[in-house]
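For reference, the structure is listed below as structure tokens.
Below, chains carry the letters A, B, ... as their sequence lines are ordered, and counting in each starts from 1. Computed from a prediction, not measured in an experiment: that's the story for all the values here.
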There are 2 protein chains.
Amino acid sequence: MDVQRLELLRELAERGSVTAVALATHRTPSAVSQQLKVLEREAGLPLTKRSGRGLVLTDAGRALAASATDIAVALERATAVWDTFRNRATGDVSLVTFPTAGQMLLPGALQDLAGHDGLAVHCTDMDPELSDFPALTSEYDIVLAHSMRGQHTWGGRGLTSVPLMTEPLDVGLPTGHRLAGRVSLGAGDVVGETWIGVPVGYPFGRILHDIELQTGSRARVTQRFADMRLIESFIMAGLGIALVPRYTSSGDQPGRMVLKPLRGLDAERQIVALMRPDRAERLAVRTVVDALRARAAQVQAEHAAAAG
Amino acid sequence: MDVQRLELLRELAERGSVTAVALATHRTPSAVSQQLKVLEREAGLPLTKRSGRGLVLTDAGRALAASATDIAVALERATAVWDTFRNRATGDVSLVTFPTAGQMLLPGALQDLAGHDGLAVHCTDMDPELSDFPALTSEYDIVLAHSMRGQHTWGGRGLTSVPLMTEPLDVGLPTGHRLAGRVSLGAGDVVGETWIGVPVGYPFGRILHDIELQTGSRARVTQRFADMRLIESFIMAGLGIALVPRYTSSGDQPGRMVLKPLRGLDAERQIVALMRPDRAERLAVRTVVDALRARAAQVQAEHAAAAG
DNA sequence: GTGACTATGTAGTCTGGCTTCATGGATGTA
DNA sequence: TACATCCATGAAGCCAGACTACATAGTCAC
């Protein structure tokens, strides 16, 4: 029962093909195939079976791959123990974010982490619509994902998810708007407005849908944009109103735009760090996640102070 | 962070010397030393330091050895998973027992296990006085140990302990004895008798001591024997009375010996299976322990039925 | 000091996982 | 139907890394 081989099986379970595993582990497909064969001989019963030109795991294979994860977790926990002993989080940490969260959290978090010598954080961004968050965890140590309450629960696929912050979604209005004087808005106040929406399939979409459900009337959506800056520019130009995440947007722009909280609606999104459980144990990874969480708390505190 | 190397470190933590580890793992001391050196280079700080002619672990070394145990546990749990998949507990299981428990549990348990092809149980016995039960766990998969309540708690050293049974300690009397008609006996009834004791240091000794404490008078111990058969023969010859474990002894011998329960005293011993946590995870080991536990329950049930 | 014991360094062997190259099955396309 | 393509896998050879055997150095008991 060699750990390396089990690791290969686990990769196969995640990536689905020998070639993909070989690519990811810097080996030739032949090497991977050979090791899997050895593992199968040791196990005493078939772990994979051919399906078309590829191959799929058997039930036994999946079971074994699952326990391989437990081993990987124990292993990473062990290395975390002595990383703690040396008081040093070192190594490379890769991170992928969707643009708004990155803009809000990353600059500050990386500044906070500047003191850690030997800790290198490599960041990328990716369009939230195009990306399957869970799938990204095999390529990146940390995946910043967002989800609406009650929607996907990422934990299901055996992933570790650390909540970073809960961000309310407000209604952005141009300064001169008839509702700009209100403290907060209900569904009935806004359903008749001209809306700037997000592309179909984006998670925010659900809130506008909720507004329609609550009022029984249909919202008029004229434009659909993914980029928040673009949306804000339309709001300020008086072309419509839109849902904007409170911390990520430019916020109240004196003389141009104001943000008003929605009441009576579940208008907030969760921002979480999504990780493979073994990688979540690495001290370096945990250090970065802690920095992100601290940063998120700070952002929330600053906004609370500004509002109060 | 190679698992094999960590395993070596763990063995070193348990056995205390490179030579002992080499012996136990069928390697030369040089090989062990080299691997530990590599591990230390990888870890980046000293894990061992010389002390006299031997060497001892540093704090960091101990910490790392501890997490090596977690890895070993995860590994054994993984192999148990696919052993379960194959529905087969196979392999060798070694067991050491003290004589009385072995006589009571092993024959029945091994008969119950006869159906398991490929499962080989190797048993040995060892004098309970001479043996340091926890230390034996590095040599044997299962160590049958006994303890009085409130005495050693074996779990402390990071070992897994599974309770098998609680065995009451009765007073054995010759049939013609003046107390032979009683249902149960108190400390005052027996303290004046001639006792056949156990060698100094044996756990039972505490109970006679308790009797002395309760009554304030001193018990007269004329002989001290370790072997239960020997003790029984003395009882039956009318040479004294003694504490005998209820299930392990020959029991009531019509016309020769009767057993009377003690009241008002904590007169019982725990019989437990003691194991290294990783070995406790092996399906084969668990199967044997389960058989032992079933057997123990059966023994207790039979006695309860006979008494009722 | 001497002998017995410890750990460890050096040189050489050999196992085991890798790469390269080649084969065979499955799929989609001309 | 034939061909190109993409998969997994087999055979041969290479090479790192873990081992053994032997030698060395430090520590303890007498």
Residues forming a salt bridge (Lys or Arg N to Asp or Glu O under 4.0 Å) with A:Arg293, sequence neighbours excluded: A:Asp290
Please determine if a side-chain N or O atom of B:Lys37 lies less than 4.0 Å away from the OP1 or OP2 oxygen of C:dA7. no
Going 5' to 3' along nucleotides 17-30 of chain C, which nucleotides have protein heavy atoms under 4.0 Å from the base (write B), which only from the sugar-phosphate (write S), and which from neither (write -)? SBBB-----BB---
Taken in chain and number order and not counting sequence neighbours, the residues that satisfy side-chain contact (heavy atoms from CB on, under 4.5 Å) with A:Thr84 are A:Leu283
Please state how far atom CG in A:Leu39 lies from atom C1' in C:dG16, giving the value in whole angstrom units. 15 Å
Could you check how far CG of A:Leu23 sits from C1' of D:dA8, rounded to whole Å? 15 Å
Whole-Å distance separating the CD atom of B:Gln4 from the C1' atom of C:dT15: 13 Å
Going by side chain to side chain donor-acceptor pair (under 3.5 Å), name the residues that satisfy it together with B:Thr58, two or more places apart in sequence or in a different chain. none
Does B:Arg77 have any side-chain contact (heavy atoms from CB on, under 4.5 Å) partners at least two apart in sequence or in another chain, and if so, which? B:Val73, B:Glu281
Protein-nucleotide distance (B:Leu6, atom CG; D:dA18, atom C1'), rounded to Å: 16 Å
In whole Å, what is the span from the CG atom of B:Leu36 to the C1' atom of D:dA18? 13 Å
Under the side-chain contact (heavy atoms from CB on, under 4.5 Å) rule, collect the residues that match up with A:Asp125, sequence neighbours excluded. A:Thr97, A:Pro99
Euclidean distance, atom NZ of residue B:Lys49 to atom P of C:dT6 [Å, nearest integer]: 20 Å
Answer whether the closest heavy-atom distance between the side chains of B:Val121 and B:Leu106 falls below 4.5 Å. no
To the nearest angstrom, how far is B:Glu40 atom CD from C:dG9 atom P? 10 Å
Rounded to whole Å, the CG-C1' distance (B:Leu12 to C:dT8) equals 14 Å
